[in-house]
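Worksheet: one structure, shown below.
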Amino acid sequence: MRGILASELLKIRGKMVWFLVVLGPVGVILLQAVNFGLRYDYLTDQYADDLWGGLIGNVVTLALPTLLIGIAILASMAAGIEHQTNAWKQLLALPVSRSAVFAGKALLHVLLLFVSCTLMLIGTLALGFVLGFDAGAIPYGRLAELVYYPFLAALPLMVLQVWLSITMANQAVPLTVGIIGMIVGMFGSRFDDWVPYKWPHLINAAGEPLYSVACGIGLGVVLLLIGMLQFAGKDVK
Amino acid sequence: MSKWIVETNQLTKKLGGKAVVSDVNLRIKEGDIYGFLGPNGAGKTTTIRMLLGLAKPTYGHVHIFGHELARKRIEILRKVGSLVEYPSFYGHLTAYDNLEAVRRLLDVPRSRIDQVLEVVRLTKEARRAVKGYSLGMKQRLGIATALLGQPQLLVLDEPTNGLDPAGILEIRELIKRMPQEHGVTILVSSHLLSEIDQMANRVGIITKGKMIFQDETQVLRQQARSRIQLAVSEPEEAWRMLLAHGYHVDWDRQQLTAELTDDKAVATMVAALVQHEFAVYRVQEESASLEQIFLNMTGGEGSL
Ligand SMILES: Nc1ncnc2c1ncn2[C@@H]1O[C@H](COP(=O)(O)OP(=O)(O)OP(=O)(O)O)[C@@H](O)[C@H]1O
Ligand SMILES: [Mg+2]
């Protein structure tokens, strides 16, 4: 598995993948910088008793759709590397287990998005400092929760996009699913609790964000196992 | 353990309801350069995919190094290098990084990369992105990738596809050297008999999914026996007369041909013709080319 991941990391070099991983959070933070810059007095007045909370809330509103579309684009790019020159046949004729190859692609994807989310967290802190918020009042716990909980709750969507992108040579389908997913996901909070696109919003009847996280991890693992099995049994073009 | 490095039994693959490969019993011995020959669409690539575990046989079994592929795929593939159809590569990476991406999965020392680059003479170009390579260079990179894991069995599907004559010669020499220098067994497919004839010691011919010939290349060559072609006046009557005198001759309404026998027999045959007052214009030896045999075997759907 280490070999597979090392190989995957080498393959995404020079493919703009890392650029996108950075672009997502930087874009969100810059937009919020503009937002807070232009409406500084109004917003600091509105969030006077919880400046950091206000900032985090605003970041998360933009971060969710960015995360959803990022999931689709990154999955498609990583799989596209193999589809482009039909490298699957070479990769899968090597002494590696098919399921491990699939798991490796999924793991790489999760890893890239984890980096993105972490950059989002760092960016939020940096923006807060720039805006002159009190460094002593940083709600570290809440910040981490609001960045990493949606990330974990979105695990099934990550596996889904990876699976679609790997299975289909034509990336139009997975990308369409991803874009629709992003739009649906923006209104996710209105759905029933069982809809996975709602989970990243961390909203549920019980009012316990951890339920959404647990569902995400659970379904993510199940989808991963199904994807691994399906990929292992399939003929390679 | 059986003596075969590769052995398939009743290997069959159905695609879209049609048997694309049907009952193929491949036999490859250690040290063989096995030429896998067949016209376009015969099922060579499909068979090779099954040998590498890329496609599952609909029916039948594959044994490599005496183990069943379905059970020991990873152990077997550790000792197999392959190039299927056209070379795969990551265009945005350099040749070196392409090999490195594979090397990380094979877990062989980094020095192997320089060695295989040397073998296919790509060392100088190794730091360039592969998307800028010529077809021949990509093909050579494909072979380098196949060699990376120091395989005992090399499976090359049309490795000279798209190469110029110099490139073909180079690859051919490379393939011929391999068994002697590294004790490698090679399966090489092609739709050109002349190519196989120049490197393989054993040949399997497949057409429409069926194996129609499998033996030493020598045996195939023996079939390329010569015949004697006779140009005479009234060939049809001459044919009747010669048959009546017990000569083995053929008349296809255009040409009168006799199976080649010794010089004396040819002489008496000509004498008989003259005696019966046929005018003999020409007596010439015609050797059936391997290509002709191949075309006959595959029912005309031969190479270009
Ligand atoms: N997915 C598929 N569905 C139906 N038929 C297929 C499929 N893939 C391949 N075939 C058919 O299988 C046959 C064998 O194809 P294969 O690629 O094995 O031939 P080949 O001997 O390698 O030919 P070539 O010399 O052109 O490479 C062809 O007639 C092809 O049309
Ligand atoms: Mg082929």
Side-chain angles (χ1 to χ4, degrees), chain A residues 1-20 74 76-108 111 165-167 169 171 228-237, chain B residues 13-15 20 45-46 48-58 69-70 72-94 96-108 129-131 133 138 141-142 145-146 148-149 151 153 155 157:
Chain A
M1 200 66 212
R2 257 188 54 209
I4 291 179
L5 200 60
S7 179
E8 290 297 329
L9 283 169
L10 172 62
K11 283 190 277 191
I12 59 168
R13 248 190 231 167
K15 266 284 175 186
M16 305 277 286
V17 169
W18 285 113
F19 174 72
L20 283 180
L74 288 176
S76 174
M77 287 180 89
I81 292 173
E82 312 290 345
H83 290 304
Q84 260 165 22
T85 49
N86 201 359
W88 289 114
K89 57 181 160 63
Q90 179 181 293
L91 176 60
L92 298 175
L94 293 172
V96 287
S97 114
R98 292 266 199 105
S99 2
V101 169
F102 184 89
K105 288 269 179 209
L107 188 61
L108 172 79
L111 198 81
S165 286
I166 285 180
T167 318
Q171 293 301 302
M228 282 161 72
L229 270 179
Q230 191 268 350
F231 188 66
K234 169 174 158 304
D235 277 5
V236 186
K237 268 259 179 288
Chain B
K13 180 77 182 177
K14 289 194 173 143
L15 286 170
V20 169
T45 302
T46 310
I48 286 173
R49 282 177 193 282
M50 287 192 279
L51 293 182
L52 297 171
L54 292 174
K56 284 213 168 57
T58 310
L69 182 69
K72 297 255 164 103
R73 192 179 72 93
I74 293 184
E75 286 91 325
I76 290 171
L77 290 181
R78 240 187 268 287
K79 298 187 280 183
V80 177
S82 63
L83 169 60
V84 182
E85 219 153 21
Y86 38 86
S88 305
F89 51 85
Y90 303 109
H92 61 291
L93 297 179
T94 64
Y96 191 93
D97 283 344
N98 263 278
L99 290 165
E100 174 65 14
V102 173
R103 189 199 68 83
R104 290 183 181 182
L105 298 172
L106 291 175
D107 212 16
V108 292
V130 175
K131 61 179 168 224
Y133 273 25
K138 287 175 188 163
L141 175 62
T145 313
L148 198 58
L153 172 66
V155 178
D157 189 14

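- Annotation: maximal heavy-atom pairing with chain B below 4.5 Å, among A:Leu9, A:Leu5, A:Val96, occurs at A:Val96.
- Proximity to chain A involves both the backbone and the side chain of B:Asp97, based on heavy atoms less than 4.5 angstrom apart.
- The backbone N or O of B:Val155 sits nowhere less than 3.5 Å from a side-chain atom of B:Ser82 that would complete a donor-acceptor pair.
- Both the backbone and the side chain of B:Glu100 have a heavy atom closer than 4.5 Å to some heavy atom of chain A.
- Between A:Phe102 and A:Phe231, the angle of the ring planes lies from 30° to 60°, which puts this pair in the tilted group.
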(message) Please determine whether salt bridge (Lys or Arg N to Asp or Glu O under 4.0 Å) holds for the pair A:Lys89 and B:Glu85, giving the CA-CA distance in whole Å, both sets of side-chain angles, and the decisive distance to 0.1 Å.
(response) CA-CA 10 Å; A:Lys89 57 181 160 63; B:Glu85 219 153 21; over 6 Å; no

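- For a residue to count as touching a neighbouring chain, one of its non-hydrogen atoms must lie under 4.5 Å from one of that chain's; by this rule B:Leu54 touches chain A with backbone and side chain alike.
- At a 4.5 Å heavy-atom cutoff, the contact between B:Arg73 and chain A is made by side-chain atoms alone.
- For a residue to count as touching a neighbouring chain, one of its non-hydrogen atoms must lie under 4.5 Å from one of that chain's; by this rule A:Arg98 touches chain B with backbone and side chain alike.
- Proximity to chain B is limited to the side chain of A:Leu91, based on heavy atoms less than 4.5 angstrom apart.
- Contacts with chain B were tallied for A:Lys234, A:Glu82, A:Gln84; A:Glu82 has the most, counting heavy-atom pairs under 4.5 Å.
- Only the side chain of B:Lys13 comes within contact range of chain A, with at least one heavy atom under 4.5 Å from a heavy atom of that chain.
- A salt bridge does not link B:Lys56 with A:Asp235: none of the charged nitrogens is closer than 4.0 Å to a carboxylate oxygen.
- For the pair A:Ser76 (side chain) and A:Gln171 (backbone), a donor-acceptor distance under 3.5 Å is absent.
- B:Asp157 and B:Thr45 form a side-chain donor-acceptor contact under 3.5 Å, judged by distance and modelled atom types alone.
- Only the side chain of B:Thr145 comes within less than 4.5 Å of a heavy atom of chain A; its backbone N, CA, C and O stay farther away.
- In this structure, A:Lys15 is not positioned above the aromatic face of B:Tyr90 in the sense of NZ or CZ being under 6.0 Å from the six-membered ring centre and within 45° of the axis.
- Looking at B:Arg78, both its backbone and its side chain come within 4.5 Å of chain A, counting heavy atoms on both sides.
- Between the side chain of B:His92 and the main chain of B:Val130, no donor-acceptor pair closer than 3.5 Å is present.
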